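None of these values were measured; they are calculated from a predicted model. Index from 1, following the sequence. Quick note: numbers below take in every heavy atom, side chains included, and nothing from hydrogens, waters or symmetry partners.
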Amino acid sequence: MKLQKAFQLNIKQSISLILLTLCIPLQAQEIPIKIQESVELSKTVPIADVHMHIVDRSAAFHKAQMDRNNVKWGGGVGPTGKNPPSTKEIQSVLGNRYFLGLGQTEFTQVFFDVGAEGLKNKNNRSFSDLFKVADSQLASKYAYGFGEIHIDNSNSAPSFRFARKITLDNPVLRTMYEIANKHSSFVQLHMEADDVNIVALKRYLVEFPNVSTIISHGLPYGKQTLIRDLLEKHPNIYFELSRKGAVLNSKEAGQAFSTRNGVKIIWLKTLELYPDRFMIGSDTHDPDESKYDEVMQEFRNGLFPYLKPETLKKVAYLNAVRVFRLVESSKLNSNP
């Protein structure tokens, strides 16, 4: 009888151990939960698109796609393509809803003319001409800062032809930071988590305290420990989340959120830890010009519903309004 009871006890213990083992992975795998208030807010909250390229479409095309998606402001980077509308054309339609980033056009031109090494030569005519007018353009709000400046897209370029990797601490970048620091404006960088450039970035963040440094695409290939360390130690660094959804990023490992799966817990925790330091962007350009609506809906369905309402509003537009000093106005800027 005692043997039978002992046998039954062992069976019960074994079953309990098996059930416990099966439950551990389920408990460890946290699942994002939508917040009902945020679900409703996600449908109507205005958006500031801080990575909106002007592409080879009309100014009316850009306004229409912004209006469809309740995007109140767009910019933070330069134009792309072969023949995009001029800044004057865009401003004539969007007014102060558009905030131009300087330097991307010149950076691209120099790269294709003389290669990556030319991107460090501030005496190149394209750069010298830019720096002659940058002060007045920033002072007049014709432009708001510098971006998108491609320092390292060796693993995150749209094509091999566009890929490069240079040192961040170079005469061209230093001049941009000096000018931006004078005007308390921004520099938006496309860079990856290269050790040498991260060290240089940290130096610049300290040396140029008036510059808001925006890291494009949430720092491709950057671990959360690094992102949190940068946010904790440097109050003037921000991250924008273009191409962190599934619409424009087919690599699941590189996604922060998607309509299908929601936001990844590790990203959700970082966003809630530092709600004042994240913004969103579209980055739709050739061949993705037609995907603007999908990108914006993915933010509204795959990211916003999981954020606390106050965090949602900050990430959607309030952080950008503060950092870029945006206003709603029909008053137009003119090129000095």
Side-chain angles (χ1 to χ4, degrees), residues 30-52 66-76 96-97 99 144-145 184 186 188 205 212-219 222 224-247 255-283 295-329:
E30 298 179 75
I31 299 174
I33 304 297
K34 292 182 178 181
I35 300 170
Q36 189 54 44
E37 183 180 348
S38 296
V39 170
E40 295 305 313
L41 183 59
S42 298
K43 299 173 184 177
T44 59
V45 67
I47 285 174
D49 179 353
V50 308
H51 200 118
M52 189 186 83
M66 291 173 69
D67 291 346
R68 281 196 309 272
N69 291 283
N70 197 20
V71 175
K72 296 296 186 182
W73 305 270
N96 288 342
R97 293 175 66 185
F99 50 109
Y144 287 65
S184 297
F186 74 90
Q188 182 166 171
L205 290 168
S212 296
T213 294
I214 320 295
I215 304 299
S216 299
H217 317 307
L219 188 61
Q224 289 294 310
T225 50
L226 172 59
I227 292 172
R228 292 181 187 182
D229 180 67
L230 289 167
L231 289 165
E232 186 66 29
K233 294 178 180 177
H234 303 282
N236 52 338
I237 190 171
Y238 302 85
F239 293 83
E240 69 86 16
L241 299 174
S242 64
R243 293 192 180 263
K244 296 303 290 184
V247 171
Q255 297 167 9
F257 61 92
S258 67
T259 299
R260 179 178 180 180
N261 298 318
V263 61
K264 290 182 177 178
I265 289 294
I266 193 168
W267 276 97
L268 179 60
K269 289 181 177 179
T270 303
L271 283 158
E272 293 294 0
L273 278 171
Y274 303 96
D276 300 315
R277 312 288 284 283
F278 286 90
M279 295 172 269
I280 69 168
S282 57
D283 195 32
V295 169
M296 288 302 154
Q297 286 307 305
E298 188 174 38
F299 279 114
R300 293 189 184 276
N301 297 324
L303 176 62
F304 291 172
Y306 302 92
L307 301 175
K308 296 175 183 177
E310 56 271 26
T311 302
L312 191 168
K313 288 185 283 187
K314 289 179 178 180
V315 173
Y317 74 100
L318 287 177
N319 290 341
V321 169
R322 184 185 79 253
V323 172
F324 294 97
R325 290 173 289 177
L326 304 175
V327 294
E328 281 194 273
S329 172

Please set out all donor-acceptor pairs under 3.5 angstrom arising from side-chain atoms of residues 39-48, sequence neighbours excluded.
unit_1 : atom_1 : unit_2 : atom_2 : d
Glu40  : OE1    : Lys43  : NZ     : 3.4
Glu40  : OE2    : Gln36  : NE2    : 3.4
Glu40  : OE2    : Lys43  : NZ     : 3.3
Ser42  : OG     : Ser38  : O      : 2.5

(request) Grab the two heavy atoms, one from Leu307 and one from Glu272, that are nearest each other, plus how far apart they are. (result) CA-OE2, 3.5 Å

(request) Can you see which heavy atom on Val295 is nearest to which on Gly281, and at what distance? (result) CG1-O, 4.3 Å

Output all residues satisfying salt bridge (Lys or Arg N to Asp or Glu O under 4.0 Å) with [X], sequence neighbours left out; order by chain, then residue number.
X: Arg325; answer: none
X: Asp67; answer: Lys63, Arg97
X: Lys72; answer: none

(request) Provide the full list of salt bridge (Lys or Arg N to Asp or Glu O under 4.0 Å) pairs with a residue in residues 236-245, sequence neighbours left out, each pair given once. (result) Arg243-Asp283, Arg243-Asp288

(message) Applying salt bridge (Lys or Arg N to Asp or Glu O under 4.0 Å) as the test, list every pair that has at least one member in residues 299-316; sequence neighbours left out.
(response) Asp276-Lys314

So, the side chain of [X] versus the backbone of [Y]: is there a donor-acceptor pair under 3.5 Å, distance only?
X: Asn319; Y: Pro275; result: yes
X: Arg277; Y: Leu231; result: yes
X: His51; Y: Ser282; result: no
X: Asn69; Y: Met296; result: no
X: Glu298; Y: Leu303; result: no

Sequence neighbours excluded, which residues qualify as side-chain hydrogen bond (donor to acceptor under 3.5 Å, both in side chains) partners of [X]?
X: Asn236; value: none
X: Lys233; value: Asp229
X: Asn301; value: none

(message) Enumerate the side-chain hydrogen bond (donor to acceptor under 3.5 Å, both in side chains) contacts for residues 256-268, please, sequence neighbours excluded, ordered by first and then second residue.
(response) Glu252-Lys264

(message) The test is side-chain contact (heavy atoms from CB on, under 4.5 Å); show your working for Ile214 and Ile237 and say whether it passes.
(response) CA-CA 6 Å; Ile214 320 295; Ile237 190 171; over 6 Å; no

(request) Only pairs at least two apart or in different chains count here, so list each ring pair (Phe, Tyr, Trp, His ring centres under 6.0 Å) that has a residue in residues 296-318. (result) Phe257-Phe299

(message) Are the side chains of Leu226 and Leu219 in contact, using a 4.5 Å heavy-atom criterion?
(response) yes

(request) For residues Leu271 and Val315, determine if any side-chain heavy atom of one lies less than 4.5 Å from a side-chain heavy atom of the other. (result) yes

(request) Under the side chain to side chain contact (heavy atoms under 4.5 Å, CB included) rule, collect the residues that match up with Arg228, sequence neighbours excluded. (result) Gln224, Ile266, Lys269, Thr270, Leu273, Tyr274

(message) Just checking Glu37: does its CD atom have more than 12 heavy atoms from other residues, nucleotides or ligands closer to it than 6.0 angstrom?
(response) no

(request) Please say which of Phe186, Trp73, Tyr238 ends up in a ring pair (Phe, Tyr, Trp, His ring centres under 6.0 Å) with Phe324. (result) Phe186

(request) Using the side-chain contact (heavy atoms from CB on, under 4.5 Å) rule, take Tyr144 and Asn96 through it: C-alpha gap first, then chi angles, then the decisive distance, then the call. (result) CA-CA 11 Å; Tyr144 287 65; Asn96 288 342; 4.2 Å; yes

